[in-house]
Novice: 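Let me begin by handing over the structure; questions about it come next.
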4 protein chains.
Amino acid sequence: MTGDRQPGRPRSEAVRQAILAAAADELTEKGYAALTVEGIAARAGAGKQTIYRWWPSKADVVLDALLEAAASRISIPDNGTLRADLTAFLAATFRQRSQRPILVGLMAEALLDPVFAQQFRDRFLFGRRAALRGILDRAAQRGEISADVRIELLIDVVYGVLWYRLLLDHAPLSEAAGRELAALVVRAAGQQVS
Amino acid sequence: MTGDRQPGRPRSEAVRQAILAAAADELTEKGYAALTVEGIAARAGAGKQTIYRWWPSKADVVLDALLEAAASRISIPDNGTLRADLTAFLAATFRQRSQRPILVGLMAEALLDPVFAQQFRDRFLFGRRAALRGILDRAAQRGEISADVRIELLIDVVYGVLWYRLLLDHAPLSEAAGRELAALVVRAAGQQVS
Amino acid sequence: MTGDRQPGRPRSEAVRQAILAAAADELTEKGYAALTVEGIAARAGAGKQTIYRWWPSKADVVLDALLEAAASRISIPDNGTLRADLTAFLAATFRQRSQRPILVGLMAEALLDPVFAQQFRDRFLFGRRAALRGILDRAAQRGEISADVRIELLIDVVYGVLWYRLLLDHAPLSEAAGRELAALVVRAAGQQVS
Amino acid sequence: MTGDRQPGRPRSEAVRQAILAAAADELTEKGYAALTVEGIAARAGAGKQTIYRWWPSKADVVLDALLEAAASRISIPDNGTLRADLTAFLAATFRQRSQRPILVGLMAEALLDPVFAQQFRDRFLFGRRAALRGILDRAAQRGEISADVRIELLIDVVYGVLWYRLLLDHAPLSEAAGRELAALVVRAAGQQVS
DNA sequence: ACATAATCGAGACGGTACGTCTGGTCTTTAC
DNA sequence: GTAAAGACCAGACGTACCGTCTCGATTATGT
């Protein structure tokens with residue numbers, strides 16, 4: 001009746017965390033582009049093989065590190081109006097500016113590697129979309145969103161602008177920018193005049 | 001009007017084009033991630049040094065190849081209404097789907113290399129923004145855009161959605177999608193009800 | 001008697017020998033000047049890194065290959081007279097004419113690279129001198145060498161003539177030449193008339 | 001009757017000397033191994049083509065530079081005895097120790113390149129041999145050299161020891177060493193006891 | 001004067017090998 | 001079986017020179 005265990009030495013949780021921590025440290029120190037499996041292993045005091053055994057690529061390690069750190073999730077606000085909710089959501093999102101290099105690095109990786117791209121979508125991006133979808137769904141129930149506007153498109157608009165600015169870095173991701181974007185989405189979602 | 005030439009053998013235009021063509025070929029055959037300077041040189045029948053002499057990185061070669069090919073620019077439509085212009089513009093943009101791997105590769109590079117990022121912005125992205133801005137400016141003169149909506153934000157919305165889908169590949173970039181996006185932008189740009 | 005081994009995969013003896021063999025083959029096929037680390041690695045089916053890990057330069061690889069092959073050492077003859085010993089020694093030395101390109105190549109390298117020069121002296125040339133010194137020491141004990149002739153100078157004479165001809169290639173290194181040189185050394189070593 | 005000149009711009013003597021001087025300078029500064037045609041051309045303010053037009057390799061440039069400098073030849077002494085002449089000759093030779101790196105470099109080149117080797121022999125080494133042969137021939141006429149000793153072998157002994165030490169650098173090339181070598185050659189050349 | 005012809009500086013060009021770096025895999029011993 | 005260590009094959013990196021080539025400019029000879 002004992003919980004069936006497979007034979008052999010069990011995976012070390014300590015090692016796993018050491019690797020994730022090492023990845024995070026290397027990242028903040030040198031940036032994503034200079035990240036190497038070799039470097040992570042060396043800093044973690046781990047063998048390269050140990051990393052390859054559990055993660056298919058360095059991007060997956062970083063993704064795990066990101067998800068590990070993202071325990072402090074963005075809370076989904078509920079202020080009664082779409083504009084207020086959106087503004088709060090964007091402000092909370094923009095506040096995590098320290099994650100920018102990580103997000104940008106992972107996106108670069110996803111662009112170059114379709115296999116990782118799916119991981120990134122499924123384990124990270126879709127989660128964020130779901131949070132936003134919650135806000136918009138509630139707004140729709142309140143009648144704040146016109147029937148002929150697909151909510152998925154609104155999500156694309158919000159995250160599209162967000163990522164586009166994250167990548168291009170041509171415009172600020174300030175709280176004011178959040179307010180402006182929220183206003184635009186509200187306007188786009190609302191009823192047409194005639 | 002002085003005809004002063006610098007001394008030494010002049011740069012060979014034939015070689016330049018051979019390299020750009022080779023880069024384009026390698027790209028379509030193997031994809032951006034598998035692109036190497038070595039491979040481009042070999043296919044172009046050129047020395048590696050010749051590439052490094054004129055381009056700081058493989059990304060710059062690809063960018064030049066892209067710009068060279070983009071002689072057949074997207075024409076800026078003028079149909080009298082914002083919705084029609086936008087729909088035509090997006091349709092024309094989406095039609096160049098063969099460029100997707102190139103664009104995605106270059107964006108990945110820009111994310112990893114800030115120096116190249118500036119090149120990419122200045123020589124490519126800003127050019128595309130300018131085209132779109134032309135359409136929106138005309139609409140503004142016609143009074144189709146509310147005074148409290150910044151045109152730059154509308155550009156971010158259009159290209160944000162476009163790039164977000166290009167990168168994520170979670171939604172189609174079809175003509176129907178173009179129509180839907182155009183409608184949304186028109187709605188967001190238009191006069192508020194009350 | 002402790003069986004302590006250092007951790008990690010041990011160096012592969014098979015690979016070491018494959019590299020030395022490949023070096024020897026490339027050498028006889030193309031000559032020392034055309035020898036490249038790249039070529040050796042390719043022929044040995046080894047990575048370049050593996051060569052650089054264990055040898056500082058291609059010359060050191062060749063030197064090792066030479067020493068490996070020189071297991072069949074020149075035996076030190078003992079025929080009772082200096083003239084007979086010297087003649088036999090030189091004949092044995094000259095017989096290894098196939099080594100000429102190797103020796104010449106290594107000497108060229110030693111001339112251009114002081115670091116390798118020391119290796120070459122210590123691991124090869126001094127060994128040969130020692131062999132000859134054995135012969136001359138025995139002759140000295142027999143009283144065949146005048147007290148006012150330094151044995152080291154005699155060694156320089158023998159190997160000086162040998163190398164000078166090896167390098168210049170202006171006179172044969174035949175058995176007859178060996179006899180003539182032996183005779184001259186005996187004469188130089190012998191007692192003065194008055 | 002004018003010395004027929006071919007048409008076209010004549011070779012510039014100034015450039016020729018600038019190149020030889022540049023080669024000599026680079027040599028003393030960086031050593032033979034680090035010498036490059038590119039470096040010589042740059043320092044001389046000359047084009048690479050100009051060098052390749054007149055010299056087949058960098059070694060030939062250096063050889064010309066050496067011969068140019070060797071206008072101050074070693075005078076052939078005539079003191080009446082072989083021992084005195086040889087001692088003086090060797091002392092004069094050893095005194096030019098500054099030439100060591102050049103000689104060693106050229107010898108290395110000759111070892112690696114048979115075509116240059118012939119140049120080096122014919123234009124330099126054989127000249128030196130001839131000087132020594134003059135001394136030995138005179139000694140032979142005076143009866144100082146036994147009939148059964150070939151003069152060419154004696155030359156090999158002298159230059160053999162000289163080059164061997166030049167290359168190996170294991171023993172000094174001092175005036176004392178010259179006296180010792182001269183004594184040995186005299187002894188070897190002289191009449192046998194019995 | 002003006003063509004002809006060879007030289008010169010400059011530097012681009014196709015190549016080749018360099019020595020380094022990283023990626024993934026494999027082979028040890030220790031636990 | 002997992003882990004650290006580190007050797008191994010593979011192959012691209014960016015650099016350095018090679019020897020050749022194409023420019024414009026220069027400097028002579030032969031009309």
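Each chain gets a letter, A, B and so on, in the order its sequence line appears, and its residues count up from 1.
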Novice: Taking only N and O in the side chain of D/R53, is any of them less than 4.0 Å away from OP1 or OP2 of E/dC8?
Specialist: yes
Novice: With a non-hydrogen cut-off below 4.0 angstrom, is C/G39 in contact with a base, only sugar-phosphate, or nothing?
Specialist: nothing
Novice: Any idea which heavy atoms bring B/L35 and B/V62 closest together, and the distance?
Specialist: CD2-CG2, 3.4 Å
Novice: Starting from C1' on F/dA16, measure out to NZ on D/K30 and report it in whole angstrom.
Specialist: 12 Å
Novice: CG of B/L167 to CZ of A/R121: how many Å apart, nearest 0.5 Å?
Specialist: 11.0 Å
Novice: State whether D/W54 and D/R11 meet the cation-pi test: NZ (Lys) or CZ (Arg) under 6.0 Å from the six-membered ring centroid, and within 45° of the perpendicular axis.
Specialist: yes
Novice: Check whether the side chain of C/K48 and the base of F/dG11 form a donor-acceptor pair under 3.5 Å.
Specialist: no
Novice: Quick check on B/Q118: does its CD atom have over 12 non-hydrogen neighbours (other residues, nucleotides or ligands) under 6.0 Å away?
Specialist: no
Novice: Could you state the atom-to-atom distance from CZ of A/R43 to P of F/dA4 in whole Å?
Specialist: 16 Å
Novice: Calculate the interatomic distance between C/I51 atom CD1 and F/dG11 atom P; express it in whole Å.
Specialist: 15 Å
Novice: Tell me the interatomic distance from A/R16, atom CZ, to F/dG1, atom P, rounded to whole angstroms.
Specialist: 22 Å
Novice: Round to the nearest Å and state the distance from C/W55 atom CH2 to F/dA7 atom C1'.
Specialist: 13 Å
Novice: Mapping B/G8 and B/E13 onto DNA chain E by nearest heavy atom, which one lands closer to the 5' end?
Specialist: B/G8
Novice: Please determine, for the side chain of A/W54, which listed nucleotide (F/dC8, F/dC18, F/dA3) has the closest atom?
Specialist: F/dA3
Novice: Check whether the side chain of D/E38 and the base of F/dA16 form a donor-acceptor pair under 3.5 Å.
Specialist: no
Novice: Heavy atoms from C-beta onward define the side chain here; which of E/dG23, F/dA12, E/dC13 lies closest to that of B/V15?
Specialist: E/dC13
Novice: Look at the side chain of D/V37 and decide which nucleotide, out of F/dT27, E/dA12, F/dG19, has an atom nearest to it.
Specialist: F/dG19
Novice: Side chain of D/R9: nearest nucleotide among F/dT26, F/dA10, F/dA4?
Specialist: F/dT26
Novice: Output the single nucleotide from E/dG23, F/dT2, E/dC8 whose closest atom is nearest the side chain of A/T36.
Specialist: E/dG23
Novice: C/R11 has a side chain; which of F/dC8, E/dT25, E/dC8 sits nearest to it?
Specialist: F/dC8
Novice: Determine, for C/F116 and C/K58, whether the Lys NZ or Arg CZ falls below 6.0 Å from the six-membered ring centre while staying within 45 degrees of the axis.
Specialist: no
Novice: Separation of A/E109 atom CD from E/dG23 atom P, in whole Å?
Specialist: 10 Å
Novice: What heavy-atom pair brings C/S98 and C/P101 nearest, and what distance separates the two atoms?
Specialist: O-CD, 3.4 Å
Novice: D/Q49 or C/A44: which one's nearest nucleotide on DNA chain F is closer to the 5' end?
Specialist: C/A44
Novice: How close or far is atom P of E/dT16 from atom CG of C/L35, stated in whole angstroms?
Specialist: 17 Å
Novice: Nearest to the side chain of D/Y52, which nucleotide is it out of E/dG15, F/dC18, F/dC9?
Specialist: F/dC18
Novice: Among the nucleotides F/dC8, E/dC13, E/dA10, which one has an atom lying closest to any side-chain atom of B/T50?
Specialist: E/dC13
